[in-house]
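Only one structure is covered here, and it is reproduced in the block below.
Order of the sequence lines fixes the chain letters, A, B, ..., with proteins taken first and strands second; residue numbering starts at 1 for each chain.
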Amino acid sequence: MSDYLLEMKGISKEFPGVKALSDVSFKVKKGEIHFLVGENGAGKSTLMKVLSGVYPHGSYSGDIVFEGNVQSFAKISDSVKTGIAIIYQELALFPDLTVYENIFAGNEIKRGSFVDWNHTIMRAKEMLRMVKLVVNPETLIKDLGVGKQQLVEIAKALSKQVKLLILDEPTAALNEDDSENLLELLRELKKQGITCIMISHKLKEVIAVADKATVLRDGQTICTLDGSKGEITESAIIKNMVGREIDDIYPKRPDKKFGRTILELKDWSAYDPNLGRSVVKKVDLHIKQGEIVGIAGLMGSGRTELAQSIFGNPKSYKLVGDLLLDGKKSNFKHPQDAITAGIAYVTEDRKGDGLFLIQDIKSNIVAANLHGISKRGFINENEEVKISNAYKQSLNIKTPSVEQLVGKLSGGNQQKVSLGKWLFVGPKLLILDEPTRGIDVGAKFEIYTLMNKLIAEGMSIIMISSELGEVLGMSDRVYVMAEGRMTGELAIEEADQEKIMQLATQ
Amino acid sequence: MNFFNEAKSLTKVNIREYGMYIALFVIMLTFSIMTDGLFMSSRNISNMLDATGYIAVLAVGMTLVIVIRHIDLSVGFSAGFLGAIEAIFMSQLGVPFYITIPIILVFGIVVGMLNGFLVAQIGIPSFVASLAGMLIFRGALLMVTEKTGTIIVKDDHFNAIGNGFIPSLGKVGGLNVLSLILGAVAILLFILIEISNRRKKQQYNFEVISNSMFSVKLVFVSAIIAYVTWIIAGYNGFSWTVVIMLLVVIVYQILSTKTVLGRHIYAVGSNPEAAHLSGISVKKITYIVFGSMGMLSALSGILYTARLQSATTTAGTLFELDAIAAAYVGGVSAAGGVGKVTGSIIGAIVMASLSSGMNLLGVGISYQYMIRGAVLAAAVIFDVMTRKKRS
């Protein structure tokens, strides 16, 4: 009988075209707080989804051993029955239901065929006491802050006799006090024998509470650090997180010539009325003609929000500060204004808000600049085909015809269509948000080469990326963001992976 | 052999579009056989088209509304109400039709913009906003017709819009000359436009369909236009309703496929977020589409009032659902971004053919509803299946 509560052995999981996990092993002892750390895309969330049955048994290879038995979860409810509960970053609560209804949602206490509400409320009070949350169980979830909602989620997990609690970046959306509370609670639960796996990007909290920390990189287990032996230090974690060599997939640019300043932000802040908090905080930034500026940072650090606040503010943030384009103070009310001023923005989520998947390639390419192919409001369809074919060739979009629906293309080709669409606008500043996410190495190289070519033609590029290799390989200057703030600006010569990680986890 | 391969691949690509024409053809053929040719008689076809005009124009507007992922339930009673206002203007205030018609159309645009305001500006779901509009217009229609009951319109020029025919200019072998001329002009225009498009494509060095396929296409479509013209010319010729309907279809077809505005409408329908980030004002498009819907419901009201030569207290009842059904039968997708104006017109004619054919056969009204329901379901099932296959 091993003293491990959970052993994941040789787990491999493939998605079409990507190997997300390869031969990962992961062991958790009973009663420990075990952190899972790694860069974005390292495979942490995928591993946890395998464990909780989101990806059913058979869709991955390898074994999950829980309490000494090999498990084969076909669905999430199987893992819940076994005593594994997972709490996602995006909370899965019903905002319009009460606290007690949420705690027992899907797990109702019944008397006969009916729900026994009195008993439910009583038990809910017990659970709330366990997580040290002082609220009336009849409060609606939407009236609670995020920190308290998080605790309700944990109470919900505890009500199911959980043995292993998995938390996916629980403190990402919390303020200092709430985070501290949560970590304290985890220590408390540990005393009661509940084992906990936590995914986090905040190294400070890893160091503070972790018994063990396993580092994943590129879908592989790199090492497991032991806190009792003093192995969990910031430098050790960062070194293992990024330890990859930058290979030469980044084409070199021989001569770098920077011109005048194209865009400048001064004391730029954005407040999101929907979230009720600031997503960009007092950012200063500038970019010159012919320059590639990388913006690094972890997910949720406000990089996309920053880009959108520049690009006509589609989410209607409340903006404070100055935006100077070519030295002139500008105020874009709609993406159209930004496009007219010469800014293009290739979104992070090309399927969600970038492309028209049910339309063909040619309609997508001309979508942001229909005036370029029309006279007095009438479209010249032949011109449309001609221009699309030109982009098909210059960007090497692999498709039999530009009449092909974009939804049928591979990720890399979709990204090229997205690029084509924005190049046809003829921008002087191109903002690329995660330009190579989810695409293969070959297409990546093509996109890097294209970026260099555009720069040589006098364009400026802001590149937001979670891939440190890409940031270091392509940028002339690097900004690092964390929690909406600009935590650092590094010349490319002084930037390295450790420094960026340090700034990004501040 | 090559020719057949080309035909095959063209059919495969356009199966959804052709499917509808084939369905219409099958329905018409079936009814012709079952009624010993009575269905395809000049008189019946002419009547059928006239009777579907006021639904067809609604279906055209509804297509665009559904394309941008909304719905407008208010069009039936707003047509009824605006038709009643038209009647009041003419018979009680004595204003001539050439002044009142533009006024009513503008009223329609205002009414539609109001819906657009609720949907785009306030953010109310269009189903609810237009349901409220439906109730309000129903009440308004009752209010203006309450005292007098049915308002009779005595202006013959106006009533001709719903009942009259274009001048005949004499008859040749029982056929109306002007209608024949119109048909011939249409064929000529079609051929000239097709040839010019083909030339332009060749100038761009694009691949075009083969010469033989192109000739087949020209002959085939010309034959259909000629046949329809021949049928219609054999009765009283083209009615004003059909002329108006054709004009609306042509204008909206060009608008939706050939203009920047049309592209913007379909972009908003297929992905509103991406449209917004592409610099398209989703709000503006919503206003325009609802405004156009309002204008077309005013037109529908005018056609209906002229057809009945009066405004009644129940005018407009269930028009909106007939229009929505026509649009869905015509291949509009509820998920947005997909659907053609021409498709919806064919959808409206399919539904009208079913009613007309079943009436000729003496099928009871109870069965008629059920069969029309089944056809609606079948059309959407076909749509879903072909779409699944393609993706």
Side-chain angles (χ1 to χ4, degrees), chain A residues 307-308 311-316 332-340 343-347 349-359 363-364 366-387 389 401-403 405-408 418 421-422 425 433, chain B residues 9-10 13-14 16 67-69 123 196-208 251 253-285 288 332-339 387-391:
Chain A
Q308 296 209 343
F311 187 70
N313 195 13
K315 299 265 166 69
S316 306
F332 306 134
K333 297 234 182 292
H334 191 278
Q336 181 61 56
D337 301 340
I339 295 170
T340 314
I343 303 179
Y345 171 57
V346 180
T347 60
D349 179 9
R350 56 181 167 261
K351 288 187 179 174
D353 57 16
L355 293 165
F356 304 101
L357 296 178
I358 56 168
Q359 294 191 354
S363 312
N364 272 278
V366 299
N369 185 18
L370 286 168
H371 295 288
I373 54 156
S374 57
K375 244 187 229 161
R376 277 175 254 112
F378 283 90
I379 285 172
N380 183 341
E381 287 170 322
N382 291 322
E383 203 61 34
E384 178 185 11
V385 175
K386 188 177 135 191
I387 283 161
N389 271 324
S401 127
V402 291
E403 321 257 326
L405 297 187
V406 167
K408 285 186 174 180
S418 224
K421 166 180 162 185
W422 288 110
V425 171
D433 199 345
Chain B
S9 71
L10 280 176
V13 174
N14 298 308
R16 182 63 189 84
V67 161
I68 62 163
R69 303 183 175 191
S196 126
N197 281 344
R198 190 177 159 86
R199 282 234 181 94
K200 276 188 203 145
K201 273 194 181 176
Q202 280 164 336
Q203 277 169 7
Y204 275 87
N205 278 327
F206 292 160
E207 214 178 294
V208 288
V251 168
Q253 174 68 10
I254 291 173
L255 184 117
S256 64
T257 58
K258 306 284 177 199
T259 67
V260 172
L261 175 63
R263 284 299 178 88
H264 283 179
I265 291 172
Y266 283 86
V268 168
S270 46
N271 188 343
E273 287 82 25
H276 190 87
L277 286 174
S278 301
I280 297 167
S281 170
V282 178
K283 268 187 197 168
K284 191 176 106 191
I285 296 298
I288 290 174
V332 177
S333 156
V338 176
R387 208 155 293 173
K388 254 190 206 153
K389 227 178 194 175
R390 272 188 296 167
S391 61

Derivation of the side-chain contact (heavy atoms from CB on, under 4.5 Å) call for B/Asn271 and A/Leu355: CA-CA 8 Å; B/Asn271 188 343; A/Leu355 293 165; over 6 Å; no
Could you tell me if the side chain of [Y] sits less than 4.5 Å from the side chain of [X], heavy atoms only?
X        : Y        : result
A/Asp433 : A/Tyr345 : yes
A/Ser374 : B/Arg263 : no
B/Tyr266 : A/Ser363 : no
A/Trp422 : A/Ile339 : yes

Which bit of [X] comes within less than 4.5 Å of chain B, counting heavy atoms only: side chain, backbone, both or neither?
X        : value
A/Thr340 : neither
A/Glu403 : neither
A/Lys333 : neither
A/Asn380 : side chain
A/Val366 : side chain

Leading residue by heavy atom contact count with chain A [cutoff under 4.5 Å; candidates B/His264, B/Lys258, B/Glu273]: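 Most heavy-atom pairs within the cutoff with chain A belong to B/Lys258.
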Please classify the contact of [X] with chain A as side chain, backbone, both or neither, using a heavy-atom distance under 4.5 Å.
X        : answer
B/Ile254 : side chain
B/Ala335 : neither
B/Ser333 : neither

side-chain contact (heavy atoms from CB on, under 4.5 Å), paired with A/Asn364, selected from A/Val406, A/Leu405, A/Val402: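 For A/Asn364, the side-chain contact (heavy atoms from CB on, under 4.5 Å) check succeeds only for A/Val406.
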Closest-packed option against chain B by number of heavy-atom pairs under 4.5 Å, given A/Gln336, A/Gln308, A/Lys421: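 Result: the option with the highest number of such pairs is A/Gln336.
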B/Tyr204 and A/Glu383: CA distance, side-chain angles, deciding distance, side-chain contact (heavy atoms from CB on, under 4.5 Å) verdict: CA-CA 8 Å; B/Tyr204 275 87; A/Glu383 203 61 34; 2.4 Å; yes
